Amino acid sequence: MTTVGLLCPGHAAEDDFPRIEMLLGTDVRLPLVHADMGEPDRLAEGVAELRLAGAECVVWASASGSFMYGWDGAHEHTRALAVAAGLPASSTSFAFAHAVRALGVGRVAVAAGYPRDVTDRFVAFLKAAGTEVVSDGAGGPEGAGPDRASAPEGDGGEAGAREEVMELARAGDHPDAQAVLLPDTALHTVAYLPELEESLGKPVLTANQVTVWEGLRLTERRARGRGLGALFAGPE
């Protein structure tokens, strides 16, 4: 049994994680606790809860909650989490950097639902990691917060969510990109990974997908899962 502890700063698309757990099989557990790095008492409670759940590592399940600090600040943020948890730690931001490297791709397109200024911070983070960003579309409305809740308005339900993700990915893709990155943890993406990759003809990395992959990387667990995209496909 491998247990990856997830520390989430808000409520949005965290129901992606039980879906990933199901697709990976019965020997991977993904306990999730909501906490805020800016509230030491709540953070201590959160990491204690994850340790009690048997977590072997902790991943801060937020992209913007890490990359907004910049490359050096994100490292400090992760170190502070590791000290608080007493466990190996990482974040969704570093998960993207490591996943891009693992796939062996050098050029990516960013399909973000963030406002322009937030998207620029993510692009700067990727460039600091040595990744070439060939396209960086920003799709968020003015004033929208990073990692926003993104449920479609009206009665679109799952169909509306699917269309939102598909349109965002297609709009953000670029012919020169070897992979497309969707960094918003508030987007439900896991159910659409096979369709996204088939539609774009290249690997697609999404926030909740890479967050789990990063936790498994920290535990040195190589997991494969059907329906989780090229990142989890493993060698042929």
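Note that this is a predicted model, so its numbers are computed, not measured. Throughout, numbering of the chain's residues begins at 1 and tracks the sequence.
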Task: Residues in side-chain hydrogen bond (donor to acceptor under 3.5 Å, both in side chains) contact with D15, at least two apart in sequence or another chain - done: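 With neighbours one apart ignored, the set is H188.
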Open item on the list: Just to verify, what does R19 make a side-chain hydrogen bond (donor to acceptor under 3.5 Å, both in side chains) with, not counting sequence neighbours?
Closed with: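 R19: no side-chain hydrogen bond (donor to acceptor under 3.5 Å, both in side chains) contacts found.
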Task: Heavy-atom side-chain proximity of D36 to P9 below 4.5 angstrom - done: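 D36 vs P9: side chains apart.
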TODO: Could you check if a side-chain atom of V108 sits within less than 4.5 angstrom of a side-chain atom of V134, using non-hydrogen atoms only?
DONE: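 No, every pair of side-chain atoms sits at 4.5 Å or beyond.
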TODO: Considering non-hydrogen atoms only, spot the tightest contact between T219 and E56 and give its length.
DONE: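 Nearest pair, atom of T219 first, then E56: CG2-CB, 3.9 Å.
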Task: Qualifying salt bridge (Lys or Arg N to Asp or Glu O under 4.0 Å) pairs with a residue from residues 193-203, counting only residues at least two apart or across chains - done: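 Listed once each, the pairs are R162-E195, D173-K202.
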Open item on the list: Do V59 and F232 sit in one hydrophobic cluster, given that two such residues count as connected whenever their side-chain heavy atoms are within less than 4.5 Å of each other, even indirectly?
Closed with: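 Yes: a chain of side-chain contacts under 4.5 Å links V59 to F232.
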TODO: Measure the shortest side-chain to side-chain distance between F122 and S64 over non-hydrogen atoms and say whether it is less than 4.5 angstrom.
DONE: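 No, their side chains stay 4.5 Å or more apart.
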Task: CG on L32 to NE2 on H34, rounded to 0.5 Å - done: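 Going from the NE2 atom of H34 to the CG atom of L32 covers 5.0 Å.
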- [ ] For the pair D136 and K127, find out whether any cationic side-chain nitrogen is under 4.0 Å from an anionic carboxylate oxygen.
- [x]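 Looking at D136 and K127, the cut-off is not met.
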Open item on the list: Working to the nearest 0.5 angstrom, can you tell me the gap between L182 CG and L196 CG?
Closed with: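 CG of L196 is found 7.0 Å from CG of L182.
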Task: Donor on one side chain, acceptor on other, T211 and T92, under 3.5 Å - done: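 Note: T211 and T92 side chains meet the donor-acceptor criterion.
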TODO: Starting at CG of L193, measure out to CG of N208 and round the result to the nearest 0.5 Å.
DONE: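 Answer for the CG-CG pair, L193 versus N208, is 9.5 Å.
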Task: Main-chain N/O of S135 paired with H174 side-chain donor or acceptor, under 3.5 Å - done: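 No; judged by distance alone, with no hydrogens or angles, the pair does not exist.
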- [ ] Determine, using the 4.5 Å side-chain heavy-atom cutoff (strictly less than), whether L87 and V4 are members of one ILVMFWY cluster.
- [x]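 No; V4 is not reachable from L87 via cluster members.
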Task: Where at least one partner belongs to residues 98-111, residue pairs that pass side-chain hydrogen bond (donor to acceptor under 3.5 Å, both in side chains), sequence neighbours excluded - done: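 Those involving residues 98-111 are H98-E214, H98-R217.
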Open item on the list: Between L228 and L24, is there a side-chain heavy-atom distance shorter than 4.5 Å?
Closed with: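 L24 reaches L228 side chain to side chain.
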TODO: Establish whether V58 and L30 are linked, either directly or via other cluster members, by ILVMFWY side-chain heavy-atom contacts under 4.5 Å.
DONE: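 No, because V58 and L30 fall into different hydrophobic clusters, even though each may have its own neighbours under 4.5 Å.
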Open item on the list: Looking at R121, I want to see if its CZ is surrounded by more than 12 non-hydrogen atoms of other residues, nucleotides or ligands under 6.0 Å.
Closed with: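 No - once you tally the heavy atoms of other residues, nucleotides and ligands closer than 6.0 Å, there are 12 at most.
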Task: Spacing of OG1 belonging to T206 relative to CH2 belonging to W213, to within rounding of 0.5 Å - done: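 Going from OG1 on T206 over to CH2 on W213, the span is 13.0 Å.
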Open item on the list: Between E45 and R42, is the salt bridge (charged side-chain N to carboxylate O under 4.0 Å, His left out) condition met? List the steps.
Closed with: CA-CA 5 Å; E45 293 173 5; R42 183 65 192 108; 3.3 Å; yes
Open item on the list: So, taking the atom named OG in S91 and the one named NE2 in H77, what distance separates them when rounded to the nearest 0.5 Å?
Closed with: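 Spacing of OG (S91) from NE2 (H77) equals 7.5 Å.
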Task: Side chain E14, main chain A12, donor-acceptor under 3.5 Å - done: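 Yes; judged by distance alone, with no hydrogens or angles, the pair exists.
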Open item on the list: If the condition is side-chain hydrogen bond (donor to acceptor under 3.5 Å, both in side chains), which residues does Q209 pass it with, not counting sequence neighbours?
Closed with: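 Q209: no side-chain hydrogen bond (donor to acceptor under 3.5 Å, both in side chains) contacts found.
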Open item on the list: Looking at every heavy atom in both A111 and L168, which two are closest together, and how far apart are they?
Closed with: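 Of all heavy-atom pairs spanning A111 and L168, the closest is CB-O, 3.4 Å.
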Open item on the list: Side chains of L218 and S90, heavy atoms from C-beta outward: is any pair under 4.5 Å?
Closed with: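 A side-chain contact under 4.5 Å exists here.
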- [ ] State, with a plain yes or no, whether a side-chain heavy atom of V118 is found less than 4.5 Å away from one of F67.
- [x]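 Yes - at least one pair of side-chain heavy atoms lies under 4.5 Å apart.
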- [ ] Measure centre to centre between the rings of F125 and F96, then say whether the value is under 6.0 Å.
- [x]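 Ring centres of F96 and F125 not closer than 6.0 Å.
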Task: Minimum side-chain heavy-atom gap D27-R221 below 4.5 Å - done: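 Side-chain contact under 4.5 Å: yes.
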Open item on the list: For a 4.5 angstrom cut-off between non-hydrogen side-chain atoms, does V100 reach L181?
Closed with: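 Yes, side chains in contact.
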- [ ] Please determine, by modelled atom types, if R29 and T2 share a side-chain donor-acceptor pair under 3.5 angstrom.
- [x]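 No.
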Open item on the list: Once rounded to the nearest 0.5 Å, what's the spacing between atom CG of L23 and atom CD of E21?
Closed with: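 The CD atom of E21 is 10.5 Å from CG of L23, to the nearest 0.5 Å.
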- [ ] Under the side-chain hydrogen bond (donor to acceptor under 3.5 Å, both in side chains) rule, collect the residues that match up with R226, sequence neighbours excluded.
- [x]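 By the side-chain hydrogen bond (donor to acceptor under 3.5 Å, both in side chains) rule, R226 matches no residue at all.
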TODO: Measure centre to centre between the rings of F94 and W60, then say whether the value is under 6.0 Å.
DONE: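 Between F94 and W60, the centre distance exceeds or equals 6.0 Å.
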Task: Common cluster, L7/V212, ILVMFWY with side-chain heavy-atom separation under 4.5 Å - done: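 L7 and V212: separate clusters.
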- [ ] Could you tell me whether the side chain of Q178 and the main chain of G106 form a donor-acceptor pair under 3.5 Å?
- [x]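 Yes, Q178 side chain to G106 backbone: donor-acceptor pair under 3.5 Å.
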TODO: For residues G137 and T119, report the shortest heavy-atom separation together with the two atoms involved.
DONE: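 That would be O-CG2, 4.1 Å.
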Open item on the list: Tell me if a side-chain donor or acceptor on S93 pairs with a main-chain N or O of A63 at a distance below 3.5 Å.
Closed with: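 Yes, the answer is positive, given that a donor and an acceptor are paired below the 3.5 Å cut-off.
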- [ ] Without swapping roles, check the side chain of Y69 against the backbone of E76 for a donor-acceptor pair under 3.5 Å.
- [x]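 Checking the backbone N and O of E76 against the side chain of Y69, no donor-acceptor pair under 3.5 Å is found.
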